[in-house]
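Computed from a predicted model, the values in this text were never measured in an experiment. Proteins get letters first, then strands, A, B, ... in listed order; numbering begins at 1 in each.
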Amino acid sequence: MQKFNPLIPSDHDRWFDTRPSSWWKTASDGYDRLALRLTARHPQAGIRALTLLGHLANRCALHGPSPGELAALYGPLPPRLLARIGRDIAALRFKNRAAIAMVHRAGVEHLARLVRSPGTVRLGQIHAGKRPALLLAWHVGAMFGVRAALQRANVPALTLRNLPLESTNARAGALKRAVDHLRAGGLVVAVPDGPGGTNTDEVECLGRRIVLRRGPFMLARMTGAPIIPIVAAWEPDGSISVRVDPPLDRPSSPSDAAVSFDHELAGGAARWLEAYLRAEPQEIWLWTLRNFLEAPRVGSASHL
Amino acid sequence: MKAEQDLGADVRRIIQMNAPLGWRGRDLPDDLPLGSLGIGLDSISLVELLLACEEHFALPFPASLLDCAPLTVGSLVEHVRRERSGGV
């Protein structure tokens, strides 16, 4: 049975295509150089300029989702609102491409300059508490924003996604290191949408049936660490804000019913994501939106 | 000798408790891989197995056990033996 995780960045997303032989890479290298130049001295102004570029590309129908795609996912919304969301999603891709250029070519410190203080204060408080916590990040909003915020707040965290994940042993080793790190009172950042690993059962999100990776939820179960949702978003002034929400509720399932415990946690995480994206629909990545539209609808027959 | 046999039996019992149903009650030779090339434990189950071993033996089972060759029944038994003898 095909199980669908729409949050995994698509291999078909040319915008992030970095194959050396691709003509697109040549063009996007030029964009990267422009983005780095614009953000070098006045980074927030540079990001605002790239936002305008993304808006223009969308108004010229060159980039971004159609109103029909947005309505298919978020439901019927006023046309002007759909148009605005579409422009913002197009601009988000321009800004995130710039974020990739900044991090890969100049280091995450370059992006960390853009992070605003309030969110980092909360991260500092969590770190100062010296208690384990699992920060659950998502492929939405400002790319590398959470990493930049941790850098800005000077908060060390083990990022599960960064570890080599190409084999079962490698993934198990990464998870075991994360367990040990949490048990030692550390922070772990995990995303429930990695390219490999064990799936949860299907959960509901935005009217679709999707799966998430069990790893983060297993970590929370085995260590008792709270799952704290965290997202980073681009602000209109070109800065990055970080939102750190209260921990997700832990299910009441007994700990030996591991799969159902992980599934309930995953369901809570999916409900959190849906609430966030309904409140901030412009934070969804274009390919995530399109991937969601390919996921089976809640109430439709299972793929057998 | 009996203590060593008990140790191997304990490790195998813990493996079988965490193994897919088809492996329950079967012989587990030393060279049997625990991952996809053998018993078929996924990454979650491998970690849960190591944590179960930690709880039972009160010894650390570090992630480095998974770094090199595929983890086998024998390598787990050998790890417990090594840890109990103080790493000698």
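Interatomic distance, CD1 of B:I44 versus CG of A:N199, reported as 10.0 Å (0.5 Å rounding). Taking CE of A:M218 as the reference point, atom OG of B:S43 lies at 7.0 Å (rounded to 0.5 Å).
Applying the 6.0 Å contact sphere to CG of A:D249 captures no more than 12 heavy atoms from other residues, nucleotides or ligands. The environment of B:R13 atom CZ is dense: over 12 non-hydrogen atoms of other residues, nucleotides or ligands sit within 6.0 angstrom.
Residues that satisfy the side chain to side chain donor-acceptor pair (under 3.5 Å) test with A:N154, not counting sequence neighbours, are absent from this structure. In this structure A:T120 satisfies the side chain to side chain donor-acceptor pair (under 3.5 Å) test with no other residue, sequence neighbours excluded.
Side-chain contact between A:R171 and B:V47: absent, with no pair of heavy atoms (C-beta onward) separated by less than 4.5 Å.
Using a 4.5 Å cut-off between non-hydrogen atoms, the part of residues 53-60 of chain B that approaches chain A consists of B:E54. Residues of residues 16-29 of chain B never come within less than 4.5 angstrom of chain A, heavy atom to heavy atom.
If you measure heavy-atom distances from B:L34 to chain A, you find no contacts under 4.5 Å at all.
Closest approach of A:D180 and B:A63 over heavy atoms only: OD2-N, 4.5 Å.
When each of A:L175, A:N169, A:T168 is tested with B:L66 by the rule side-chain contact (heavy atoms from CB on, under 4.5 Å), just one qualifies, namely A:N169.
Within the 3.5 Å criterion, the main-chain N or O of B:L46 finds no donor-acceptor partner in the side chain of A:K176.
Ionic pairing of A:R177 and B:D67 is present here: one or more N-O contacts between side-chain nitrogen and carboxylate oxygen are shorter than 4.0 angstrom.
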